[in-house]
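Below: the structure, in structure tokens.
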Amino acid sequence: MKNERKRRRFIRRPDVTVSLGLPVVVLLVLFGMIPTILCTQMLITSLRQSHLDSRMVEIQNQCQILSSKMTRTGYLRGELKDGSMDNEIQALADVYSGRIVVINKDFRIIQDTFHIAERRLMVAEEVIRCFQGESSSKYNRERHYFAQAIPIYDSTPVNGIEGVLVITASTEGILALTDTVFDKAVFLQLIVFLILILAAIVAVKMLLQPFKELQKKLDLVAAGALDTDISANGYQETKDISRAVDITLSKLKEVDQSRQEFVSNVSHELKTPITSIRVLADSLMGMDEAPMELYREFMEDISDEIDRESKIIDDLLSLVKMDKSEADLNITQVDIHVLVKQILKRLRPIANKRKVELILASIREVTADVDEMKLSLAISNLIENAIKYNSPEGWVHVTVDADHKFFYVKVADSGIGIPESEHDRIFDRFYRVDKARSRATGGSGLGLSITRNVVLMHKGAILLNSKVGEGSTFTLRIPLNYIA
Ligand code: ADP
């Protein structure tokens, strides 16, 4: 149940394909915007802090001046009667949108610019500390104000503290100023964001151009124009892709060409015996009174041609089977000596007919994992050729040997040999060295091709050693244990 649900979820997941441009645009915009936002934020914070700091220093200085003036004029002792100091205190409080409170020795408020706490007692911690000579200043972030307490000294030589000046000033003005700067910065960021998006889109378009061009060319190839020039030298990557596709295309063309060649060879090979049969039959029919012996001779020729046709068809079928996957191999443990012995027994009548001596030498016992039918066909082809392309009174030596990894079947003959220039080509389908002789012996031109395919299916190798007039030696080397 759980697995079923998992499977369904897996099946339902849509196949989302994103254009390469999208992540590139997103990344470029992100990399552009993140530093811009961070820088603006840092600048505004430090701007606000420096404004606050300078305002605090300014207020401190003003308070110091006021406190000294109070000392000098004996304000706290009531020596100044004209109210000029009160005006000054009020003006200072107004300038900083704040409140100034003056407290005397008895902790009683003698001046309050808000006029709400005069004559009241004020025993705050800052005030007590101030009377002990410790001035204090603090900033309240939540309520946006700044408070400062400064001692007022008396004018006696002892310099005792006769009062405290407490000022609270609002910082709203500074915050409003930095908020305006912040709004402008956000507007600027928006413009930068739009410029970045535009720049990223243009950059991506330019970046992807070589890929788009390559894709157009590949579309043409897909539509069938295999000869389209797909070179794309814009980037190393496009160059690599186009080179890889080019190699694949040439391989496809080769396969296509060899398939066409094969089909035309097959039709030619199948037509040749039929043409001979037609010529023989037509000439018999063209004769009014042909003697019986001539009839018999022509009919024997027709029968030979039919044998050839059926041999070509059999070989073609074997070859088609070999072209299928290796999974079609039916691997069993086979005694190679016994296998070769059976083949020789079957071929002995043909060898005797051509007066060719067949000799088997088994150097050691060999059992291997092979497909018996296919290997038997491969070895038969070699021994049949050794008999066919031999000279009268000749010999064929078959040797079976093995080491710890491979077994070897060597087929040596005393025949006509194969020119060195033809060694590679004789394994091609329908390739014959001496066309007339091969046809006369009933060869289809497919035997060695079949043998090579069988050997390759067994992950083995086939070696040829031959010289014209001296004979040929074909050696099969196949692993004792089949490698899947
Ligand atoms: P065929 O059916 O013509 O024998 P094969 O594929 O078996 O086709 O062989 C290809 C060609 O290789 C033959 O036509 C022949 O010319 C040459 N050949 C193969 N085996 C031998 C051999 N033992 N000695 C000389 N020539 C050979």
Side-chain angles (χ1 to χ4, degrees), residues 258 261-262 265-266 268-273 276 304-323 340 343-344 346-348 350-351 353-360 374-399 408-457 461-476:
S258 91
E261 264 172 31
F262 182 61
N265 282 343
V266 167
H268 174 75
E269 293 297 328
L270 289 177
K271 257 171 113 181
T272 316
S276 308
D304 283 351
E305 290 300 330
I306 292 172
D307 280 351
R308 235 181 94 195
E309 182 89 17
S310 102
K311 166 108 173 80
I312 293 173
I313 291 169
D314 284 349
D315 281 357
L316 269 175
L317 287 176
S318 308
L319 202 62
V320 169
K321 271 190 213 153
M322 297 308 162
D323 276 352
V340 175
I343 297 170
L344 288 179
R346 195 161 42 78
L347 294 179
R348 207 167 288 279
I350 309 171
K353 217 164 143 188
R354 295 179 190 237
K355 298 203 168 55
V356 173
E357 193 186 2
L358 289 184
I359 302 149
L360 170 65
K374 292 195 172 81
L375 188 68
S376 165
L377 185 65
I379 299 173
S380 293
N381 284 343
L382 291 184
I383 302 175
E384 247 180 278
N385 279 352
I387 299 168
K388 275 196 300 189
Y389 303 106
N390 217 317
S391 34
E393 314 282 325
W395 48 260
V396 175
H397 282 187
V398 183
T399 318
Y408 304 84
V409 178
K410 196 155 92 180
V411 180
D413 65 54
S414 58
I416 57 170
I418 303 163
E420 202 143 337
S421 57
E422 312 279 334
H423 282 196
D424 287 337
R425 303 178 68 190
I426 53 161
F427 295 100
D428 291 348
R429 292 155 176 177
F430 296 117
Y431 189 79
R432 301 166 176 111
V433 178
D434 179 349
K435 306 205 169 33
R437 178 171 177 146
S438 177
R439 288 225 170 84
T441 50
S444 66
L446 295 171
L448 284 182
S449 192
I450 293 171
T451 302
R452 191 187 53 178
N453 276 11
V454 172
V455 172
L456 292 182
M457 278 170 110
I462 182 164
L463 310 167
L464 166 62
N465 203 339
S466 178
K467 262 198 186 141
V468 178
E470 287 180 21
S472 317
T473 304
F474 285 88
T475 310
L476 303 188

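For ligands, and for the atoms within them, numbers begin at 1 and follow the listed sequence. Since the structure is predicted, the reported quantities are computational estimates derived from the model, not experimental observations.
Remark: ligand 1 and Ile416 share no N or O pair separated by less than 3.5 Å (distance only, no angle test). Considering backbone and side-chain atoms together, Phe474 places no N or O closer than 3.5 Å to any N or O of ligand 1. The shortest N/O to N/O separation between Ser444 and ligand 1 falls below 3.5 Å.
Residue Gly445 has at least one heavy-atom neighbour below 4.0 Å for each of these atoms of ligand 1: 1 (P), 2 (O), 3 (O), 6 (O), 8 (O). Below 4.0 Å from some heavy atom of Gly417 lie the following atoms of ligand 1, by number and element: 25 (C). Those atoms of ligand 1 that come under 4.0 Å of a heavy atom in Ile426, given as number and element, are 10 (C), 12 (O).
The closest approach between Glu384 and ligand 1 stays at or above 4.0 Å for every heavy atom of the residue. Residue contact check for ligand 1: Ser472 places a non-hydrogen atom closer than 4.0 Å to it.
Closest approach of Val356 to Val396, counting heavy atoms only: CG1-CG2, 3.7 Å. The two residues Arg354 and Ile387 make their nearest non-hydrogen contact at CD-CG2, 3.8 Å. Closest heavy-atom contact between Arg429 and Asn265: O-ND2, 4.4 Å.
In Asp413, the part holding a heavy atom less than 4.0 Å from any atom of ligand 1 is the side chain. By the criterion of a heavy-atom distance under 4.0 Å, the backbone of Tyr431, and not its side chain, is placed next to ligand 1. When non-hydrogen atoms are compared, ligand 1 lies under 4.0 Å from neither the backbone nor the side chain of Glu422. Contacts of Ile418 with ligand 1, taken as heavy-atom pairs under 4.0 Å, involve the side chain alone.
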Does the pair Arg308 and Thr272 meet the rule for a side-chain contact (heavy atoms from CB on, under 4.5 Å), with working shown?
CA-CA 10 Å; Arg308 235 181 94 195; Thr272 316; 4.1 Å; yes
Set out, in order, the CA-CA distance, both residues' side-chain angles and the distance that settles side chain to side chain donor-acceptor pair (under 3.5 Å) for Arg346 and Ser380, then state yes or no.
CA-CA 9 Å; Arg346 195 161 42 78; Ser380 293; 2.9 Å; yes
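Counting heavy atoms only, Val433 comes closest to atom 17 (C) of ligand 1 of the residues Ile312, Val433, Val411, Thr451.
The residues Asp315 and Lys311 are annotated as salt-bridged, a charged nitrogen and a carboxylate oxygen being separated by less than 4.0 angstrom.
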For residues 463-471, tabulate all N or O donor-acceptor pairs below 3.5 Å that involve a side-chain atom, not counting sequence neighbours.
from, atom 1, to, atom 2, distance (Å)
Ser466, OG, Ile418, N, 2.7
Ser466, OG, Gly471, O, 3.3
Ser466, OG, Ser472, OG, 3.0

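Within the structure, side chain to side chain donor-acceptor pair (under 3.5 Å) pairs that include any residue of residues 415-425 comprise Glu422-Tyr431 (at least two apart or interchain).
Atom CG of residue Asp413 and atom CG of residue Leu358 lie 11.0 Å apart, to the nearest 0.5 angstrom.
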